[in-house]
Amino acid sequence: MASPSNKGKGITEGSSSQSQPQPQPQAQPQPLPNPPALSRYESQKRRDWNTFCQYLRNQQPPVHISQCGSNHILDFLQYLDQFGKTKVHVHGCVFFGQVEPAGQCNCPLKQAWGSLDALIGRLRAAYEENGGLPERNPFAGGGIRVFLREVRDSQAKARGVPYKKRKKKKRNPMKSGHGTTGTSSSNLPS
């Protein structure tokens, strides 16, 4: 009688009734298990970081990430405009300020503000994950924020759609689950 581990095996394999242990089909040494698959955000962050580092290496002379400043980041963002898909009408264009232009024009395609904003957020996080100090993070600089604000405003005007900042919902402190029954102002153990 064949043991349950022999189910599905050919007649010539494992058909003897000897008590020898049967080799498992995965008897070969197992490689280290793969790390869990990265989320879409983590994959994109890694791709963006690698792209930015490659951009710095391609500069003449090459720039190390520790020497990177806001001017390198701004140059990178402007370099990315050549791959943009968002039509941004210039001031002289007949379609400037129109939400739904009626025809074609020769205005440039650029990166959309939202794409640039998300990119900077991912690079800012990647910089710190790769050993950069938060207080020296060039992606968090004021010059970058000013640039993004100018891009946002100019693209909104060119499309005729004003940018409206979403208002944050106010949280009701009574519903937050932090009661006022304790006498300590901290939840830390004493």
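Everything numeric in this text was worked out from a predicted model, so none of it was measured. Counting begins at 1 with the first residue of the sequence.
In the hydrophobic cluster analysis, where Ile, Leu, Val, Met, Phe, Trp and Tyr join through side-chain heavy atoms closer than 4.5 angstrom, Trp49 is grouped together with Ile144. Residues Tyr79 and Leu148 share a hydrophobic cluster, clusters being chains of Ile/Leu/Val/Met/Phe/Trp/Tyr side chains in contact below 4.5 Å. By the criterion of side-chain heavy atoms lying less than 4.5 angstrom apart, applied directly or through intervening Ile, Leu, Val, Met, Phe, Trp or Tyr residues, Val146 is not grouped with Val151; the two fall into different hydrophobic clusters. Note on Phe83 and Ile120: same hydrophobic cluster, where clusters join Ile, Leu, Val, Met, Phe, Trp and Tyr whose side-chain heavy atoms are under 4.5 Å apart, directly or indirectly.
When all heavy atoms of Gly84 and Leu109 are compared, the pair lying nearest together is O-CB, 3.5 Å. Taking all atoms of both residues into account, the shortest heavy-atom contact from Glu129 to Glu42 is OE1-OE1, 4.3 Å. Tyr41 and Gly121 make their closest contact through OH-O, 4.4 Å (heavy atoms, listed as atom of the first residue, atom of the second, distance). Residues Ala112 and Thr86 come closest through the heavy atom pair CB-OG1, 3.3 Å. For Pro108 against Val90, the heavy-atom pair with the smallest separation is CD-CG1, 4.0 Å.
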Ignoring hydrogens and angles, write down the donor-acceptor pairs under 3.5 Å from the side chains of residues 56-65, residues two or more places apart or on other chains.
{"from": "Arg57", "atom 1": "NH2", "to": "Gln54", "atom 2": "OE1", "distance (Å)": "2.8"}
{"from": "Asn58", "atom 1": "OD1", "to": "Gln54", "atom 2": "NE2", "distance (Å)": "3.0"}
{"from": "Asn58", "atom 1": "ND2", "to": "Gln54", "atom 2": "O", "distance (Å)": "3.4"}
{"from": "Gln59", "atom 1": "NE2", "to": "Tyr55", "atom 2": "O", "distance (Å)": "3.1"}
{"from": "His64", "atom 1": "ND1", "to": "Ser66", "atom 2": "N", "distance (Å)": "3.0"}
{"from": "His64", "atom 1": "ND1", "to": "Ser66", "atom 2": "OG", "distance (Å)": "2.9"}

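Sorted by first and then second residue, the ring-ring contact (aromatic ring centres under 6.0 Å, His included) pairs involving residues 124-148 (not counting sequence neighbours) are Phe52-Phe139.
With rounding to the nearest 0.5 Å, the separation of NZ in Lys110 from OG in Ser115 is 14.0 Å. The CG atom of Leu119 lies 6.0 Å from the CG atom of Leu77; values are rounded to the nearest 0.5 Å. Rounding to the nearest 0.5 Å places NE2 of His89 at 9.5 Å from CZ of Arg159. Taking NZ of Lys87 as the start and CD of Gln104 as the end, the distance is 6.0 Å to the nearest 0.5 Å. The structure places CD1 of Ile73 at 12.5 Å from CD of Gln78, a figure rounded to the nearest 0.5 Å. Asp48 CG to Phe76 CZ: the interatomic distance, rounded to the nearest 0.5 Å, is 7.0 Å.
Side-chain contact check for Cys93 versus Asn106: every heavy-atom pair is 4.5 Å or farther apart. Side-chain atoms of Lys157 and Phe96, non-hydrogen and from C-beta on, do get closer than 4.5 Å to each other.
Side-chain atoms of Asn130 come within 3.5 Å of backbone atoms of Ala126 as a donor-acceptor pair (strictly under, hydrogens ignored). Panel note: side chain Gln155, backbone Gln111; a donor-acceptor pair is recorded below 3.5 Å.
For Asn137, the side chain to side chain donor-acceptor pair (under 3.5 Å) partners two or more places apart in sequence, or in a different chain, are Glu128.
More than 12 heavy atoms of other residues, nucleotides or ligands sit less than 6.0 Å from atom CD of Gln82.
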